[in-house]
There are 2 protein chains.
Amino acid sequence: MEKADKKQKIFQAALSLFAHYGYRKTTVEDVADKVGMTKSNIYFYVKNKQELYEKSVSHALEKWRDTIAAEIETVSNAKEKFVIVSRRSFEYLNDHEDLRALLMKDHDIFTLSPSEDRFYEVNHGAMMMLKEVIRQGIDEGAFYPVDVDHVTEFLFSVYIMFLIKAYVKSDGSSSDRMFEEGLALIFRGLCKI
Amino acid sequence: MEKADKKQKIFQAALSLFAHYGYRKTTVEDVADKVGMTKSNIYFYVKNKQELYEKSVSHALEKWRDTIAAEIETVSNAKEKFVIVSRRSFEYLNDHEDLRALLMKDHDIFTLSPSEDRFYEVNHGAMMMLKEVIRQGIDEGAFYPVDVDHVTEFLFSVYIMFLIKAYVKSDGSSSDRMFEEGLALIFRGLCKI
DNA sequence: ATTTGAATAATTGATTCAAAAGTTCAAATA
DNA sequence: TATTTGAACTTTTGAATCAATTATTCAAAT
């Protein structure tokens with residue numbers, strides 16, 4: 001098996017354990033056992049436990065982002081792309097229990113403060129994806145000619161706020177309805193006609 | 001001096017100390033010293049330190065809410081009211097250093113989760129104020145006939161998100177511009193024409 | 001190039017204990 | 001009677017210790 005493939009296996013196993021037991025309760029040996037190797041061998045792939053955690057999470061977030069990026073390419077106009085980004089980002093999380101459980105364990109994976117974002121790179125990439133959709137919408141004349149940078153920053157913050165409300169601090173309440181109404185409001189504020 | 005007035009004095013002194021030193025580093029004796037009494041006498045006004053903290057914060061939040069509520073009454077139409085609520089809520093915080101410092105010390109005063117909101121009552125009151133403005137806007141035909149409850153919940157969450165970005169997790173970044181662009185977007189999504 | 005076992009280093013959790021802070025209350029004051 | 005106080009009492013905190021667990025390294029083996 002390729003080294004890269006084995007890394008994947010390790011990250012996947014680690015993510016599942018971290019999601020269920022949290023960072024502290026998960027030992028490096030637990031992870032090693034799950035992939036069938038000794039704990040010392042884990043250190044051949046990552047330099048320490050912290051890196052094991054961060055790379056596991058980054059890996060999962062990248063997969064998430066790349067899935068949405070691929071789905072965007074299936075349609076051509078900006079309005080449809082915007083709806084896909086908005087809706088599918090949430091649905092993906094619904095379908096991936098480990099990642100969802102992890103977000104609920106580690107509240108700070110999603111923060112409203114970029115400067116303390118441990119996963120800045122992948123989150124920034126997701127934001128750039130959204131920015132590109134908005135830019136395209138303006139170019140097509142479908143969106144109002146807004147300040148792209150600041151509107152993107154605003155919408156990304158709203159997106160994080162939704163994630164927190166829906167998965168991190170869920171009241172089991174009607175966040176679905178709030179999502180629909182909020183999206184409609186923003187869509188109306190963004191689209192001409 | 002009235003008992004109620006002395007309570008005010010105590011809450012004001014306590015808020016200032018809590019804001020500067022945090023809950024733990026502030027002792028009941030510190031508060032007593034600041035208002036010129038003995039710590040045992042503090043217990044004539046509140047039942048314990050926790051209540052001293054909560055009532056101090058509630059008191060400050062109520063003053064904040066009531067100030068905005070009074071300002072709203074100076075204009076008659078919903079659009080203007082909406083702008084006043086949006087803008088003045090932030091400006092008030094700029095003008096009140098103790099309260100601002102407190103929010104930065106105790107991150108959970110503003111939470112996106114109503115069920116774990118220790119100041120639910122006053123925050124809920126603020127949300128009702130916003131809801132009333134939206135309802136009025138719809139009645140006047142100025143706003144789209146949105147789902148009042150869920151749009152209010154959405155807008156209040158956006159408001160909390162802004163507070164967190166601007167004061168709790170401030171990067172010193174361009175949250176002003178983001179605020180302006182976000183407000184414009186939402187205003188356009190809310191108002192007819 | 002990858003894996004392992006064994007040794008070492010660092011962290012955690014339980015326990016103790018004295019000092020500091022929180023709380024109560026009977027007596028004093030106004 | 002409403003408010004305040006000093007002195008006791010109770011609870012919490014922080015530092016120190018120590019054993020057990022966990023993280024990390026590395027030379028030798030595959």
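In what follows, chains are A, B, ... by sequence order, proteins preceding strands, each numbered from 1. Only a predicted model underlies this, so the values are computations on that prediction, with no experimental measurement involved. Below, all heavy atoms of this structure are taken into account, side chains as well, without hydrogens, waters or symmetry copies.
Rounded to whole angstrom, the span from the CD1 atom of B:I10 across to the P atom of D:dT3 amounts to 11 Å. At whole-Å resolution of the value, CZ in A:F44 and P in C:dT2 are 4 Å apart. When rounded to the nearest whole Å, the span between CG of B:N48 and P of D:dC9 equals 22 Å. To the nearest angstrom, C1' of C:dT2 lies 6 Å from OH of A:Y45. Between the CD atom of A:E29 and the C1' atom of C:dT4 there is a distance of 13 Å, given to the nearest Å. Following rounding to the nearest Å, A:M37 (CE) and C:dT3 (C1') show an atom-to-atom distance of 8 Å. Going from atom CG of A:D33 over to atom C1' of C:dT4 covers 14 Å, rounded to whole Å. Rounded to an integer number of Å, the gap from A:Y21 OH to D:dT22 P is 14 Å.
Between C:dA10 and A:K49, no contact under 4.0 Å exists linking OP1 or OP2 to a side-chain N or O. The side chain of B:K47 places no N or O atom within less than 4.0 Å of a non-bridging phosphate oxygen (OP1 or OP2) of C:dT24.
With both pairing distances under 3.5 Å, D:dT30 is matched to C:dA1 as a Watson-Crick or G-U wobble pair.
Taking 4.0 Å as the cut-off between side-chain N and carboxylate O, B:E180 and B:R177 do not count as a salt-bridged pair. B:E91 and B:R88 are joined by a salt bridge, as a carboxylate oxygen and a charged side-chain nitrogen come within less than 4.0 angstrom of each other.
Donor-acceptor pairing under 3.5 Å, judged by distance alone, is present between the side chain of A:K39 and the base of D:dA23.
Map A:N41 and A:Y23 each onto its nearest nucleotide of DNA chain D; the residue landing nearer the 5' end is A:Y23. In this structure, B:I42 and B:R24 both approach DNA chain D, and ranking their closest nucleotides by distance from the 5' end singles out B:I42.
With 3.5 Å as the limit, one finds a donor-acceptor pair spanning the side chains of B:Q136 and B:E140. Looking at B:D30 and B:Y21, their side chains never bring a donor and an acceptor atom within 3.5 Å of each other.
Judged by a 6.0 Å distance limit and a 45° cone about the ring axis, A:K63 is not positioned over the six-membered ring of A:Y92.
Among the atoms of the strands shown, only primed sugar atoms or phosphate atoms (P, OP1, OP2) are found under 4.0 Å from some heavy atom of A:T27.
Comparing D:dT25, D:dG6, C:dG22 by their nearest atom to the side chain of B:V28 picks out C:dG22.
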